[in-house]
Student: 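Pasting a structure below so you can have a look.
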Amino acid sequence: MEFMRILFSMLVLIFHGSTGVLSEGGLLVLDYYKETCPLVEQIVRRNVEIAVLRDPRMAASLLRLHFHDCFVLGCDGSILLDTFGDMVSEKLATPNLNSVRGFEVIDNIKFLVEEACPYTVSCADILAIAARDSVALRGGPIWGVPLGRKDSLISSFDGANQFIPIPNSSLETLINNFKQQGLDVRDLVTLSGGHTMGKARCVSFRQRIYEKSIEEKFDHYKRYNTYRRILQSICPESGGDNTLGALDFRTPTRFDNLYFQNIIEGKGLLHSDNVLVNEDLEGEIRERVWAYASDQQLFFDSFVNSILKMGNINVLTGSEGEIRKHCRFVNP
């Protein structure tokens, strides 16, 4: 029976274009909490739904929490840990400080899950489920989330500064960032599509709107001027660092493929968005951007494959890590 369960889990993960992660305890599996906490996904979805109804931007924030968690140490809930003793929180790292949000939503979900199933469901798994539900609730695809992650006992402030991509990254830097996580160029383009919803602070896109690229300097048709002027009107050269701009100015609260149409037109909010097109010398990335811009279902299917792949980065399972009672602190 155990052999059949593991075989079935492997087939499910392969079907989704993702490879299971082996450790002492085995693979992440669908319905991991079927016997021990059968209502966990209902609890998460209901509370993500409430949070997103109150603040539509929260969907993008919860998706981003999962992304930033997985890129440092792996998908282990380390981003949720507060500073304690000599351990400095990842929340204080430059890519996260005054930027990542949604911690209170995860805290509330964890509290309710602990009431239903004490010391059973990891914070890392809650992040993965919440990311899925955030995408689905804003019109995006839905997928089965393989579960069974454990929570880390440490955070990595230095790792967050080193491995999380920053808004002004070049294409080469982005490719290397993703490669370090076992993700390829296809995953880079696909997961960048998460910027189809949400907002960014002025400090994140100021350089992009006041420093013209070579392509923009020789743009005789002035294709970029109007959008640039709009951004400059909300983000001055100095001050107003926390003013927000929509990552997808057309449908900022919807998960769709318009992000890719925007960057084809040079209207990505961040420098790291636009480089997918204007720094791709070989054309492979640009070709995929065009494909997603013209076929939303292709983007959705690819997104599911890539986020499942990302959700398997360096996971802790079995006897590794722990199930935290509170997501902000390791257990005493």
Side-chain angles (χ1 to χ4, degrees), residues 52 54-65 67-68 71 79 89-104 138 157 160-162 164-174 177 191-256 258-280 289:
V52 170
R54 290 175 176 168
D55 176 10
R57 182 186 166 208
M58 187 56 67
S61 299
L62 293 173
L63 174 60
R64 188 165 178 241
L65 264 184
F67 180 92
H68 281 219
F71 265 58
I79 194 172
S89 174
E90 293 170 21
K91 299 173 185 178
L92 302 180
T94 300
N96 294 330
L97 186 62
N98 299 320
S99 180
V100 289
R101 57 198 292 270
F103 298 108
E104 294 79 9
R138 304 316 297 172
F157 172 82
N161 280 318
Q162 180 179 355
I164 297 175
I166 59 175
N168 294 319
S169 296
S170 67
L171 180 59
E172 181 180 8
T173 299
L174 290 173
N177 279 143
L191 293 173
S192 293
H195 285 177
T196 187
M197 58 181 184
K199 297 181 178 181
R201 298 161 64 223
C202 166
V203 69
S204 298
F205 59 88
R206 177 178 287 122
Q207 181 177 334
R208 171 256 188 276
I209 60 176
Y210 288 102
E211 293 182 12
K212 291 186 179 181
S213 67
I214 294 176
E215 182 180 357
E216 291 171 314
K217 288 179 181 177
F218 293 95
D219 177 25
H220 300 297
Y221 297 99
K222 308 300 181 186
R223 293 173 297 168
Y224 305 105
N225 279 8
T226 301
Y227 184 59
R228 183 186 295 278
R229 283 198 298 268
I230 292 172
L231 294 180
Q232 290 175 345
S233 71
I234 64 173
C235 180
E237 287 192 74
S238 62
D241 286 358
N242 292 322
T243 303
L244 299 174
L247 289 163
D248 172 0
F249 70 95
R250 288 172 169 162
T251 54
T253 62
R254 294 287 297 173
F255 194 96
D256 53 31
L258 294 188
Y259 163 82
F260 296 102
Q261 296 180 24
N262 293 341
I263 63 175
I264 287 171
E265 297 172 2
K267 295 177 181 177
L269 180 66
L270 306 178
H271 177 76
S272 57
D273 295 325
N274 294 296
V275 296
L276 297 178
V277 172
N278 60 35
E279 290 187 12
D280 177 31
V289 168

Student: Taking the side chain as everything from C-beta on, heavy atoms only, tell me whether Lys199 gets closer than 4.5 Å to Leu247.
Tutor: no
Student: Side chain to side chain contact (heavy atoms under 4.5 Å, CB included) with Ile230: which residues, sequence neighbours excluded?
Tutor: Thr226
Student: Quiz question: by atom type and distance under 3.5 Å, do the side chains of Asn96 and Glu90 form a donor-acceptor pair?
Tutor: no
Student: Under 4.5 Å between any side-chain heavy atoms of Leu171 and Leu276, yes or no?
Tutor: yes
Student: Please check this pair: side chain of Asn168 against backbone of Arg208, looking for a donor-acceptor N/O pair closer than 3.5 Å.
Tutor: no
Student: Would Glu211 and Arg206 pass as an ion pair if we require N to O under 4.0 Å?
Tutor: no
Student: Ignoring hydrogens and geometry, is there a side-chain-to-backbone donor-acceptor pair from Arg254 to Met197 under 3.5 Å?
Tutor: no
Student: Can you name the closest pair of heavy atoms from Asn274 and Gly268 and give their distance?
Tutor: ND2-O, 2.9 Å
Student: With no hydrogens and no angle check, do the side chains of Asn262 and Arg250 hold a donor and an acceptor under 3.5 Å apart?
Tutor: yes
Student: Taking side-chain hydrogen bond (donor to acceptor under 3.5 Å, both in side chains) as the test, write out the residues that go with Asn98, two or more places apart.
Tutor: none
Student: How about Val275 and Ser170: do any of their side-chain heavy atoms sit closer than 4.5 Å?
Tutor: no
Student: Quick one: does NZ or CZ of Lys91 land under 6.0 Å from the six-membered ring centre of Phe103, within 45 degrees of the ring axis?
Tutor: yes
Student: Work out which heavy atom in His271 is nearest to a heavy atom in Ser169; give both atom names and the distance.
Tutor: CD2-O, 3.3 Å
Student: Scan Asp273, Asp248, Thr196 and name whichever one has a side chain to side chain donor-acceptor pair (under 3.5 Å) with Tyr259.
Tutor: Asp273
Student: If you compare all heavy atoms of Gly198 against all heavy atoms of Ala60, which two are closest, and at what distance to 0.1 Å?
Tutor: CA-CB, 3.4 Å
Student: Compare every heavy atom of Pro165 with every heavy atom of Phe67, then report the nearest pair and how far apart it is.
Tutor: CE2-CD, 4.1 Å
Student: Please report the shortest heavy-atom distance between Leu270 and His195, naming the atom on each side.
Tutor: CD1-CE1, 3.7 Å
Student: Taking all atoms of both residues into account, what is the closest heavy-atom pair of Pro252 and Ala246, and its distance?
Tutor: CB-CB, 3.8 Å
Student: Check the pair Ser99 / Arg64 against side-chain hydrogen bond (donor to acceptor under 3.5 Å, both in side chains), numbers first and verdict last.
Tutor: CA-CA 10 Å; Ser99 180; Arg64 188 165 178 241; 2.8 Å; yes
Student: Could you tell me if the side chain of Pro167 sits less than 4.5 Å from the side chain of Phe205, heavy atoms only?
Tutor: no
